[in-house]
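Here's the structure, in structure tokens; my notes come after.
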Amino acid sequence: MESKIYKLVIIGSGPAGLTAAVYAARANLNPIIIDGDEPGGQLVKTSYVENWPGEKSILGPQLMMNMRDHAKRFGTEFLSGKVTRVDFSQKPFVITVNNETELKAHAVIIATGATPKRLNIPGEDAYWGKGVTTCAVCDGAFYPDKSVIVVGGGDTAMEDASFLKKFTKKVTIIHILDKLTASHAMQERVLNDPDITVIYSSTVTELIGDGQHITSAVVTNQITGEKTTLQADGVFVAVGLSPNTAPFKDHIECNQGGFINVKNNTHTSVEGVFAAGDVHDYRYRQAITSAGAGCMAALDAERYLSEVL
Ligand SMILES: Cc1cc2nc3c(=O)[nH]c(=O)nc-3n(C[C@H](O)[C@H](O)[C@H](O)COP(=O)(O)OP(=O)(O)OC[C@H]3O[C@@H](n4cnc5c(N)ncnc54)[C@H](O)[C@@H]3O)c2cc1C
């Protein structure tokens, strides 16, 4: 059967993809979104979002449902499934979903986000979004005068610790190695701060809670095997992010970490393929910045399509 040709295929249904869809649908580009394994993206796994302008406090899943309804309202089509293969060497581009359904597109927006790396320890799944999180900027303000743990030893962990200490009573960094891996300047900032403690050569091996929220973390020394239970109201996991670029990385330029390289805002190395959100932005990693990038990608795609069609 001949594959349907779309003007615009958007891959991913987080804030970047859904915002791109709102703009593209209103511009009569009749976009289709391919949902991926996590319709709504990372925010469906969190509780309250308090930094989305216009919503003082809203549950992440509700915010994403609102965005989805908004995109639908202007005629966005949705397809369940995951992009498993792309061919950007021919035009229209070919996109394969679940290794079986083929779509063709004159333009593509990749908005597949990134997956925060996890610790994969007991209690993590149960308390994910209930005190265990990866976003200090998003969730730090929920912990006034509380004790929090930051797991990691790189720049992100240092930044998170410095940010969190503005709100919290106590910040403890747990790092697996015997020295930090962050840049010298970031290390200095943390090591000179009397309110931040670093525990080296140790990992968090279990998260314990009261059923509603995390209450403590078991920390195991990697050398002696000794286990200590630390009281913790929040655990911020800062051990890296994996961009969801597996199907694309051999077809467009990515950086060493696998994030898509963009130039001129949302353009990728392939003309007609655009990127938006956490899939290229490893610096800001916010819903609002991803949505902003989704808007820009849709406007760039619209301009491109008006030139080539
Ligand atoms: C626990 C937690 C709490 C957070 N809290 C906040 C907050 O309060 N405020 C805030 O601003 N930010 C918060 N963030 C960050 C925010 O969620 C992200 O910055 C934002 O979701 C990124 O949006 P995105 O659209 O780029 O990608 P994502 O939200 O990651 O969405 C990616 C989409 O791509 C899809 N996808 C992936 N691979 C494929 C594929 N092969 N084929 C098709 N689709 C695919 C996924 O299914 C998903 O729909 C939080 C993040 C986490 C993890």
Side-chain angles (χ1 to χ4, degrees), residues 42-51 57 59-61 115-182 186-241 285-286:
Q42 294 169 60
L43 284 186
V44 297
K45 293 235 177 85
T46 191
S47 53
Y48 287 99
V49 175
E50 297 195 338
N51 54 10
S57 183
L59 286 167
T115 305
K117 288 185 189 156
R118 293 204 182 197
L119 303 172
N120 296 317
I121 55 170
E124 187 178 34
D125 279 348
Y127 292 104
W128 191 258
K130 296 173 182 165
V132 185
T133 181
T134 54
C135 186
V137 174
C138 315
D139 295 344
F142 293 131
Y143 297 92
D145 295 323
K146 304 276 185 193
S147 299
V148 298
I149 287 175
V150 175
V151 187
D155 278 349
T156 306
M158 298 308 107
E159 234 169 73
D160 287 358
S162 301
F163 180 81
L164 287 165
K165 73 143 239 193
K166 292 181 204 154
F167 310 92
T168 54
K169 183 174 72 187
K170 187 173 174 211
V171 179
T172 307
I173 295 174
I174 310 288
H175 183 43
I176 192 166
L177 301 176
D178 60 358
K179 49 179 165 313
L180 300 172
T181 53
M186 296 296 289
Q187 287 194 33
E188 288 287 289
R189 206 182 328 158
V190 162
L191 295 173
N192 291 332
D193 192 323
D195 297 332
I196 303 177
T197 309
V198 186
I199 300 180
Y200 294 98
S201 304
S202 298
T203 52
V204 175
T205 47
E206 187 178 352
L207 297 169
I208 299 165
D210 58 9
Q212 303 296 317
H213 205 270
I214 186 175
T215 53
S216 58
V218 177
V219 177
T220 304
N221 184 296
Q222 293 299 290
I223 299 163
T224 62
E226 188 189 346
K227 289 183 192 295
T228 315
T229 302
L230 287 187
Q231 186 265 324
D233 301 293
V235 171
F236 291 80
V237 181
V239 293
L241 276 180
R285 302 184 344 241
Q286 296 296 295

Could you walk me through whether Leu59 and Tyr48 pass the side-chain contact (heavy atoms from CB on, under 4.5 Å) test, one step at a time?
CA-CA 4 Å; Leu59 286 167; Tyr48 287 99; 3.7 Å; yes
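- Counting all heavy atoms, side chain and backbone alike, Lys45 lies closest to Trp128 at O-CD1, 3.7 Å.
- Contact of the Val239 side chain with the Val151 side chain is registered, since non-hydrogen atoms from C-beta on lie closer than 4.5 Å.
- Between the side chain of Thr181 and the backbone N or O of Gly153 there is at least one donor-acceptor pair closer than 3.5 Å.
- Put simply, CD1 on Ile176 and OG on Ser201 are 9.0 Å apart, with the number rounded to the nearest 0.5 Å.
- Remark: side-chain polar atoms of Thr133 are not paired, donor with acceptor, to backbone N or O of Gly131 under 3.5 angstrom.
- Shortest non-hydrogen contact noted between Pro116 and Leu241 is CA-CD2, 3.4 Å.
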Check step by step if side-chain contact (heavy atoms from CB on, under 4.5 Å) holds for Leu191 and Leu180.
CA-CA 10 Å; Leu191 295 173; Leu180 300 172; 4.1 Å; yes
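- One distance of note links CD of Gln187 with CE of Met158; it measures 7.0 Å at 0.5 Å rounding.
- For the pair Ile121/Glu206, no side-chain contact is recorded, criterion being any heavy-atom separation below 4.5 Å from C-beta on.
- Looking only at distances, a side-chain donor or acceptor of Asp233 sits under 3.5 Å from a matching main-chain atom of Ser147.
- Interatomic distance, Asp139 CG to Leu164 CG, rounded to the nearest 0.5 Å: 9.5 Å.
- Using modelled atom types, no side-chain atom of Glu159 and backbone atom of Asp155 make a donor-acceptor pair closer than 3.5 Å.
- Between Gln222 and Thr203, the closest side-chain pair of non-hydrogen atoms falls below 4.5 Å.
- The heavy-atom pair separating Thr156 from Arg285 by the smallest distance is CG2-NH2, 3.9 Å.
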Before giving the answer on side-chain contact (heavy atoms from CB on, under 4.5 Å), spell out for Leu230 and Ile199 the whole-Å C-alpha distance, their side-chain angles and the decisive distance to 0.1 Å.
CA-CA 11 Å; Leu230 287 187; Ile199 300 180; 4.1 Å; yes
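- Scanning all heavy atoms of the two residues, the minimum distance from Ser162 to Val190 falls at OG-CG2, 3.8 Å.
- Shortest non-hydrogen contact noted between Ser202 and Ile174 is O-CG2, 3.3 Å.
- Contact record, Val171 with Val150: CG1-CG2, 4.0 Å, taken as the closest heavy-atom pair.
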The test is side-chain contact (heavy atoms from CB on, under 4.5 Å); show your working for Tyr143 and Phe236 and say whether it passes.
CA-CA 11 Å; Tyr143 297 92; Phe236 291 80; 3.8 Å; yes
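- Using a 4.5 Å heavy-atom threshold, the side chains of Lys130 and Ser47 count as separate.
- Between the side chain of Thr215 and the backbone N or O of Ile208, at least one donor-acceptor pair lies under 3.5 Å.
- Atom-to-atom distance recorded for Lys146:NZ and Gln231:CD is 8.5 Å, nearest 0.5 angstrom.
- Going from atom NZ of Lys170 over to atom CD1 of Ile149 covers 8.5 Å, rounded to the nearest 0.5 Å.
- Taking NZ of Lys166 as the reference point, atom OG1 of Thr168 lies at 11.0 Å (rounded to 0.5 Å).
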